[in-house]
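When reading the values below, keep in mind they use all heavy atoms of this one structure, side chains included, and skip hydrogens, waters and symmetry mates.
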Amino acid sequence: PRHRPVPDEEPTDADVVETAAAAAEGAVFDHYRKAEVKDLDVTVSFEDGQLSVDIYLNPADGTDPDPDEVVETAVDAAEAAVDGLFAAGA
């Protein structure tokens, strides 16, 4: 296995935002095929150590699972990915 060097510094705000957004989108598409999603908007901000994740999800009618549950899962995934990002730098 390959090992990446561990950065000596904290992740940048841009790294945090990008990581959280990618994780949230990934979690949504773990539950829905792209064709089942009419609209998805993931907004992430990271200021003064505070992570904010806002997700708007509009799946096709009659799609399972419940979109509110998927959004909650996506927010959790974003937070976990950011926690992992900081843990890797520690």
Side-chain angles (χ1 to χ4, degrees):
R2 285 194 230 155
H3 297 282
R4 292 187 351 205
V6 176
D8 291 334
E9 59 211 38
E10 295 275 306
T12 65
D13 290 0
D15 290 338
V16 170
V17 168
E18 188 176 305
T19 298
E25 282 190 25
V28 168
F29 291 118
D30 281 347
H31 291 87
Y32 295 121
R33 292 186 323 250
K34 289 192 187 236
E36 295 174 323
V37 176
K38 290 181 182 177
D39 192 14
L40 173 63
D41 183 35
V42 177
T43 304
V44 178
S45 65
F46 184 70
E47 295 176 12
D48 299 324
Q50 290 293 111
L51 179 68
S52 173
V53 181
D54 186 41
I55 300 172
Y56 172 77
L57 172 63
N58 183 12
D61 294 337
T63 319
D64 274 331
D66 181 277
D68 291 336
E69 290 175 18
V70 173
V71 165
E72 192 171 316
T73 299
V75 170
D76 290 345
E79 291 172 349
V82 170
D83 288 346
L85 190 63
F86 279 98

Quick check: are there more than 12 heavy atoms from other residues, nucleotides or ligands sitting under 6.0 Å from CD of Glu25? yes
CD of Glu18 to OG1 of Thr12: how many Å apart, nearest 0.5 Å? 8.5 Å
Is there a side-chain contact between Pro59 and Glu36, using heavy atoms and a 4.5 Å cut-off? no
Between Tyr56 and Thr43, is there a donor-acceptor pair closer than 3.5 Å when you use the side chain of the first and the backbone of the second? no
List the residues meeting side chain to side chain donor-acceptor pair (under 3.5 Å) with Ser45, not counting sequence neighbours, and say none if there are none. none
Just so I know, are the side chains of Leu40 and Asn58 near enough to count as touching, which here means a heavy-atom distance under 4.5 Å? no
Below 4.5 Å, heavy atoms only, C-beta onward: do Lys38 and Asp61 meet side chain to side chain? yes
Sole candidate of Val82, Asp54, Thr19, Leu51 that passes side-chain contact (heavy atoms from CB on, under 4.5 Å) when paired with Val44: Leu51
Minimal heavy-atom distance between Ala20 and Ala78, with the atoms involved, is O-CB, 3.4 Å
Would Asp76 and Thr73 count as having a side-chain donor-acceptor pair, cut-off 3.5 Å? no
Using the rule given for side chain to side chain contact (heavy atoms under 4.5 Å, CB included), can you reason through Tyr32 versus Leu57, listing the C-alpha separation, both sets of side-chain angles and the distance that settles it, and then say yes or no? CA-CA 11 Å; Tyr32 295 121; Leu57 172 63; 3.6 Å; yes
Stepwise, does the side chain to side chain contact (heavy atoms under 4.5 Å, CB included) test hold for Ile55 with Asp41? CA-CA 6 Å; Ile55 300 172; Asp41 183 35; over 6 Å; no
Heavy atoms, side chains only, cut-off 4.5 Å: are Ser52 and Phe46 in contact? no
Side-chain donor/acceptor of Asp66 to backbone N/O of Asp68, under 3.5 Å: yes
